[in-house]
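Starting from 1, each residue takes its place in the sequence as its number.
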Amino acid sequence: MPIHHTYIVEHLDPELGPWSELEYIAIARESGEAKATFVLSSLPDAFKVPEKLAQEPAFKAERRGVEEMYPEGNGKERVCLLDPAADKDLNPDDKGEFDVFLFGGILGDDPPRDRTSELRKKGFTGRRLGPVQMTTDTAVRVTRMVIEEQYTLGNIPYTDHPDLKFSEHESTQMPFRYVKDKDGKPIMPEGMVDLIKKDADKSIDDLF
């Protein structure tokens, strides 16, 4: 019987910006295609799940925090925290070690804030995804490629800090690492390029 994996983002914020919404929809869609589950945990009571996200069959909204969902002695040892400060990289053999992969909220901050520190203090086993900052959907995508498709981190096709060109005179550089598609372009959520173009005069932080 195939192992069913769960990808959890501990959201940590009372609201959901347009950037994160597009990322979460992409994660839910890709999780469904991989026969996996995508969970947003620690959601406050006032949090409203966007309709498009709620319609994704692989998505689950969860008010509980991860430490309540997977307490000591009842599944906690099967949870892997994707942590930039971990001393070991994620590798294909981890498929046999973990069923749940945990991400500490908005990873795509520039400069990065250590949003994972609270989860680290709770004692979850950590793994790194490499030295370059990723967006949340990219971090989940890379994790899924390593675990489900058995890539090593070094064999995944990346593009770092790509330029998005909107016109002859208008472009912006993204301060993150992405997975490349077959045409060498960064894989981004549907609607993300339009959102970035529309809000090109805002800072990246305003979009989350």
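- A centroid separation of less than 6.0 Å is found between the aromatic rings of His11 and Tyr24.
- Counting heavy atoms of neighbouring residues, nucleotides and ligands inside a 6.0 Å radius, atom NZ of Lys60 does not exceed 12 of them.
- Proximity of Thr125 to Cys80: side-chain heavy atoms (C-beta onward) are nowhere separated by under 4.5 Å.
- For the atom pair Asn91 CG and Leu153 CG, the distance stands at 8.0 Å (nearest 0.5 Å).
- To the nearest 0.5 Å, atoms CD (Gln173) and CG (Leu164) are separated by 9.5 Å.
- Distance CG/Asp160 to CE/Met174: 13.0 Å, rounded to 0.5 Å.
- Between Val100 and Phe98, every side-chain heavy-atom pair lies at or beyond the 4.5 Å cut-off.
- Across Ser41 and Glu10, no two heavy atoms sit closer than the pair OG-OE1, 2.6 Å.
- No donor-acceptor pair under 3.5 Å is formed between the side chain of Asp94 and the backbone N or O of Glu97.
- Glu23 places a side-chain heavy atom less than 4.5 Å from the side chain of Thr136.
- Counted within 6.0 Å of CG on Asp87, heavy atoms from surrounding residues, nucleotides or ligands total 12 or fewer; the atom is thus considered open.
- Counting heavy atoms from C-beta outward, Phe176 and Met134 have side chains that stay 4.5 Å or more apart.
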Residues Arg144, Glu149; criterion salt bridge (charged side-chain N to carboxylate O under 4.0 Å, His left out); working and verdict: CA-CA 7 Å; Arg144 195 179 58 252; Glu149 301 174 41; 5.0 Å; no

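- A side-chain donor-acceptor contact under 3.5 Å links Ser31 to the backbone of Ile27.
- Annotation: side chain of Glu67 is not in contact with side chain of Glu72 (no heavy-atom distance under 4.5 Å).
- Taking the ring axis of Tyr158 as reference, the NZ or CZ atom of Arg177 stays within 45° of it and closer than 6.0 Å to the ring centre.
- Within a 6.0 Å radius of NZ in Lys76, other residues, nucleotides and ligands contribute more than 12 heavy atoms.
- One N or O on the side chain of Asp181 and one on the backbone of Asp183 form a donor-acceptor pair closer than 3.5 Å.
- Enclosure of atom NZ in Lys165 by more than 12 non-hydrogen atoms of other residues, nucleotides or ligands within 6.0 angstrom is indicated.
- Counting only heavy atoms from C-beta outward, the side chains of Ile187 and Thr138 never approach each other to under 4.5 Å.
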Derivation of the salt bridge (charged side-chain N to carboxylate O under 4.0 Å, His left out) call for Glu190 and Arg29: CA-CA 11 Å; Glu190 183 179 332; Arg29 195 163 295 158; 3.4 Å; yes

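- Without hydrogens or angle criteria, His4 side chain to Lys35 main chain gives a donor-acceptor distance under 3.5 Å.
- With contacts defined as side-chain heavy-atom distances shorter than 4.5 Å, the pair Leu129/Asp89 does not qualify.
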Worked verdict on Lys198 versus Asp194 for salt bridge (charged side-chain N to carboxylate O under 4.0 Å, His left out): CA-CA 6 Å; Lys198 178 181 175 184; Asp194 290 338; over 6 Å; no

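- With ring centers used as reference points, Phe101 lies under 6.0 Å from Tyr7.
- Side-chain atoms of Leu22 and Leu195, non-hydrogen and from C-beta on, do get closer than 4.5 Å to each other.
- With hydrogens and angles ignored, the 3.5 Å screen pairs no side-chain donor or acceptor of Ser20 with any backbone N or O of Leu16.
- Counting only distance, with no hydrogens or angles, the side chain of Arg127 and the backbone of Asp83 share no donor-acceptor pair below 3.5 Å.
- The hydrophobic clustering, which links ILVMFWY residues whose side-chain heavy atoms are closer than 4.5 Å, places Tyr178 and Val132 apart.
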